[in-house]
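First comes the structure, then the notes that go with it.
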Amino acid sequence: MKARVHVTLKPGVLDPQGKAIEHSLSDLGFEGIGGVRQGKFIEIELAETDAAKAEAMVEEMCKKLLSNVVIENYSIELEWLKGV
Amino acid sequence: MKARVHVTLKPGVLDPQGKAIEHSLSDLGFEGIGGVRQGKFIEIELAETDAAKAEAMVEEMCKKLLSNVVIENYSIELEWLKGV
Amino acid sequence: MIMDGVTQIPDKTAKNEITPEMVAEHGLTTEEYERIVAALGRAPNITELGIYSVMWSEHCSYKSSKVHLKTLPTEAPWVICGPGENAGIIDIGDNQAIIFKMESHNHPSYIEPYQGAATGVGGILRDVFTMGARPIANMNALRFGAPDHPKTKHLVSGVVAGIGGYGNCVGVPTVGGETSFDASYNGNILVNAMTVGLADKDNIFYSAAAGIGNPVIYVGSKTGRDGIHGATMASAEFTEDSEAKRPTVQVGDPFTEKLLIEACLELMASDAIIAIQDMGAAGLTSSSVEMASKGGVGFDLDLDKVPQREEGMTPYEMCLSESQERMLMVLKPGREDFAKGIFEKWGLDFAIIGKITDTGRLTITWRGEIAGDMPIASLVDDAPVYERPFVAGVKQALLKAGDIPAPDDYGDALMKLIGGANLSSRRWVWEQYDHMVMADTVARPGGDAAVVRIHGSEKGLAMSTDCTPRYCLADAHEGGKQAVAETWRNITAVGAKPLAITDCLNFGNPEKPEIMGQFAEAVAGMGEACRALDYPVVSGNVSLYNETNGTAILPTPAIGGVGVMASIRRMATVPFKRYGDVIILIGESKGHLGASIYLQEVLGRKTPEELGAPPPVDLAAERRNGDFVRPLIEEGLVDTCHDLSDGGLIVALAEMAMASKAGGIGAEIDAGFISPSLAVPLHGILFGEDQGRYLIAVTEEIAADILRRAEAENVPAVQIGATGGDALVIRHEGTEAVKLSVSDMTSAHESWLPTYMSG
Amino acid sequence: MKSAVIVFPASNCDRDIAVALEKITGTKPHMVWHGDSDLPQVDFIALPGGFSYGDYLRSGAMAARSPIVAEVMRRASAGVSVFGICNGFQVLTEAGLLPGALMRNAGLKFICRDVKLRVENAGTRFTNAYAQDQIITLPVAHHDGNYFADEGTLKALEDNGQVVFRYVDENGEASETGNPNGSQHNIAGIINANGNVLGMMPHPERLIEAELGGSDGRALFDSVLNALESA
Ligand SMILES: Nc1ncnc2c1ncn2[C@@H]1O[C@H](COP(=O)(O)OP(=O)(O)O)[C@@H](O)[C@H]1O
Ligand SMILES: [Mg+2]
C-alpha cells in the first residue's frame, strides 16, 4: 500500500516561500496569479494491507512527525501499489 | 482556476529528506515502512479560465522555475475553484 | 476565543459588552479593568481592551519586575543609552557605538521550536537595527529539559535549526552562546537570543516621535493574523491546554528581514527619519504607543491604510497582530517619496498609515469609524506596578571538601564530565550556525568569548553569555553575582575590556513569593557585581511565568556581556600552542565543591540540601585577578588563556589540551603546587569551582616575569606544571592521579551531543 | 583587474567577496544590483554566497532566472571569467552554466566549518597559483551543497579535468569521512568545459588572512590575476 500525504500551511499562516515564488513567477512575466502556497508532499510505502489500519497508522505518523499541527494541516490518500 | 503541482525527485536521485523521515518513523516504532520520498506541493491560483491555456501556462512555470529538470519531475492537476 | 486553529475574535462593530470572562481571558484582573474604565471614563470596546491588555501585560509593562530593575546600575562614562530604548548603546571610540540586547522567545519555541526560535532571532535583530546599527553578531543562550525527556531531542533539533535558519539567511554570524540541560526545563525550555550591532555614534536612531502633523509610516511585511496575543502568552503560566493556543506562533521570513535591514540602513544614511521603532510584541499597538509616549504626542492611525495579508481583519486583529518583519517610522515631511523609493527597490511594503497629533491620544479609525481612542499616558504610565511580596530563599550550608567523597577514579570522573550532557562539546550546535559570514570572526565559537573584528579596523569586540542556574537555585544572590562575573571573566580571558551587559531574566511565576524572592535576590546580586566591576546594564528583558503545571524552572538570569580589545593581533585563546609552556594558575583555589557539577554529575546529588551553597564570588578578587590578566594579553605576553568555570581546574586543563591542534598537546601538572599548605583534598583542588580564576600558558622566560609581577601586585599565581606530551597527567604526592590521552578525551568530548542527537 | 559582484536580494557574502577582491587585486569591484540592467565591461564576475531570495523553492533557483543572470550568461559565452561561490555556485547550476545540481546536505543540517580540499586541476585560470594536488583548508557554510549529476555527466567532468576541488579527509583521501555533505565523487568545485566558469561550495574569500584562521583562499584570486597578466 502507498500513502500520499500532503502537508500544507494552515490558512492564514504566513508562507514566505509561496510569496517568493509568486513574486518570481510574475517577474518572469506570468500573469493573473492570485496566490501561491507551498507545501510538502510525502509518499510512504507500507507493508500494511488493511486500508483502515494503514490509514490510522499514517494519521498517527502525521500527528507525531510529519506535520506540526500548530501551523500545518495534513491530508492522507491511500493507493494500492500495482502488482501488490 | 487552481493548479496543483507536485514536484518530486526523479527515481534514482537519492532523497536524504525521505531517508531521514523513514529513519525517524521507525525510531518512533512504526513498522513495515518500505520507503519514504519527499517532494514539494505547490498550489497556484490562476485568473485563467480556459483549462488548456491554464495547463500550458503551468507547464511553462514548471519548466522555467518550479522544477529543476536535472533532478526533478513534475505533475500538474487543475481544479475549478468553487464558486468561480 | 481561539478555537480549532482559527482565531475567532468578536468584531467591535458587534458592540458586544465586555464581560468579566473577556477581561479574564485578556489576563487582566478586575482591579486592572476598573483602572481602564477610570482612564477612559467609559467601558472600553474589545479593541481597546485588547490594547490595554497587551500594554499592561507583564511582557510590555514589567509590572512585577520594575521596582527591582530600577536598582541596577545603568551608567558609565561609555554608556550612550541605557535601558528604556529598543537596545542599549555603548561608546567604543572612533565615533563607533555598539548596540546590543538579549531577548527571550521561550514559550513559542516550546510550541514550535523551529519557528519560535527563528522569530526570536528576527525580533532581536530588529531591536538592534532599528537604532541604526548593522547587526554584526548573534549569540544565544539555550536551556533544554533532561536529555532523556521524550521531547528534548526534538526541541534541541528544532531550536538550533531555527536559530541557524534565520541568522544564516540574514547573513549575521552566530558566534557563541551556551547550551545546557536540566529537568526543570522539561516543560518550559529557554531560548534567549542576543544581537550585537555596530553604528556610527553620530547616527543613532531613537523612537521618540516628534513633529505635529508628521506622517507615520509602516514598512516591511504585510499584516496577517499572526501571533495575536503573543505578549499575553509570554506573560502567562504554561498549562497543558496552552498547546491548544497554537496559532499564536508566527512564521519567520528571514528573506524579508534581510531586505528590511538593508532598506532601513540605506534610509538611515539620509536625514529623512525622525523616529523609528520595530513592531515587536503586540505589534502596531505597542510600537505606536511607545513612540507617541516617548515623544509626548498623540497618534492618529487609519487601519484601512495598513498593508494586509488577509481579508476581513478586524481592528482588534490588526492592532494586536504580531506579524514579523515590520517597522514603524516618523519621517520628515516631504521625504515620503524618497523613502518609498528605497523600500520599493527592496520589494517591501511602504504605507503612510497616520500622523502625529497634539492630542496625547491614540486614535484608531477603521472604515471611517473610530475604532479606539485612548490616552497614551494611561496606556503607559497608568500600567500597574506591583511590589509583589517575596520571601528570601533558603541559604544552603557551605560544604567542606573534606566531607565530600573523592571519586573512585579521577580520570573516570573527568571523562564523565567532559563526555556528559552539560560539559561536552557544543560543536554540533555551532556548526549549524554560519559563524564566519561577514568575514570578521576572529575567535570562533568554542572559546571563552567570541571575538569579531570591527570591520576595517584592528579593534575586536568580545562577547559572552553566561549563567549557572544551579548556583542561582542554591543562592539567587550569589548566582546573580556569578552570572555577571562569569561573562566579565570570559571577556577578560580573551584580552578584552568588559564594558557593559544585557540580560534576560528567566524566572517562574512572580505571584509566588518564593519565585519573587529568587528574582529580587538575583537582581540584587547582579547589581552588586555590575557596580564592583564597572560593568553597567544597558538593556535587557524579563521572562516570567516560566512554569509548567505549577513547577518552575531553575532561576536563570542569563547575562550577555560585551567588551572591546584594541587589537585582535593580541588576543588570547583557549588551546595550548606550544610544547614546554609553563602553566600558571591565577586566583585562589579553596576547593569549593558546593553546587558543583562534580557533586551533581559524578556523585549524583540532586536536592539543594545535598548540593549545598554555591561558590562565593569575591568581587574584589575577581576584579583584581582580571585586571592582572588582561594587560598581560594586551602587552602580547600571553596568547593562551582560559577561565575556570564548571568542572573547575581539571576540566579547564582538559579543554585547553583538547582545543590544541594536531593530535593534541598534553600537560603535566603537579597538584602539590596548588595549595601545599592548605588542607584541601585533591578532588577539591581539581573539581572545586572557586571563582575568579584563570589558566595561562607561556614560555619559561615570560612565566618568570609574570610570577614576579603577580607577587608585586598581590595576585595569587602559581606555576602548576607545563605543556607537553599527548596526555593530561596530574601527579599528586608521587602518584599519577590522572593520565588520559588527549585523543581519548577529545573523542568523549566531541561525541556526546552528536551521538545523543542521532540516537 | 576590473571585476563585478552581482548582488541579489539576500546575497550576504557580497561584502566579503568585495573586500577580498579589493585586498588582493587592489581594485574595488563594481557592485551590480540584480535589478540593474547593465553590467560594466569587466574581466571577472563574481556571484557571491548568501541566500538569494531566501533560498526559497530551491537554492539559487529564483536568482538564476533574473535578468542580470541572462547578461552574465552572455558574458560567460564571450569568455569572461565567472566565479560562483556557494549560493553563487547554486545559481550557476540552476542557470545551466554548470552541469548538475546542488541538493540538501546528506546530513540535512546546515554545516559551517573548515574542510580540507584537494586541488584537482591546477591548470585553470582560477587555480594556477596552487600546486597540482595541493591540500588546502577552506570553510564551507551551506545547507544545500550536496553535488549531484547523472553518471554520464560525472564521467565527462572527470575525464575532462573539470572537477577542480574535491573534499578530502585528514589523510588527503577523497573518502566518505572527508565528505561533509554527501556530494558525488566528493565534488566541491567544478569548471565548465571552456574553462572560464568556476563554481564551488567552499568560501575562499573567508580565509585570506591569518587573523581569520588561514589564507589558503588567497591563491584563488592570485590565480585570476596571473591569468589576466599572462593573457
Ligand atoms: N547555543 C550555542 N550557540 C553557539 N555557541 C555555543 C552555544 N552553546 C555553547 N556554545 C559555545 O561553546 C563554548 C562553550 O560554552 P560554555 O561551556 O558555556 O563556555 P564557558 O564555560 O566559557 O562560558 C563557548 O565558546 C560557547 O560560545
Ligand atoms: Mg569560559
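So you know, we letter chains A, B, ... as the sequences are listed, proteins then strands, and number each from 1.
With values rounded to the nearest 0.5 angstrom, B/Gln17 atom CD is found 8.5 Å from A/Lys40 atom NZ. Distance check, rounded to the nearest 0.5 Å: CD1 of B/Ile42 to OG1 of A/Thr8 gives 13.5 Å. Note: B/Glu45 CD to A/Arg37 CZ = 9.5 Å, rounded to the nearest 0.5 Å. Distance CZ/B/Phe30 to CG/A/Leu65: 8.0 Å, rounded to 0.5 Å. Of the inter-residue distances, the one linking A/Glu48 atom CD with B/Ile33 atom CD1 reads 11.5 Å to the nearest 0.5 angstrom.
Heavy-atom contacts from other residues, nucleotides or ligands closer than 6.0 Å to NZ of B/Lys10 number more than 12.
Per-residue heavy-atom pair counts under 4.5 Å with chain A were compared for B/Ala47, B/Gly39, B/Gly18, B/Ser24, and the maximum is reached by B/Gly39.
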Check: B/His6 and A/His6: side-chain contact (heavy atoms from CB on, under 4.5 Å), yes or no, with the steps?
Finding: CA-CA 10 Å; B/His6 286 88; A/His6 287 89; 2.5 Å; yes
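Among the candidates B/Leu25, B/Val36, B/Ile21, B/Leu28, the single residue satisfying the side chain to side chain contact (heavy atoms under 4.5 Å, CB included) test with A/Met61 is B/Leu25.
B/Glu60 touches chain A through backbone and side chain together, each having a heavy atom under 4.5 Å away.
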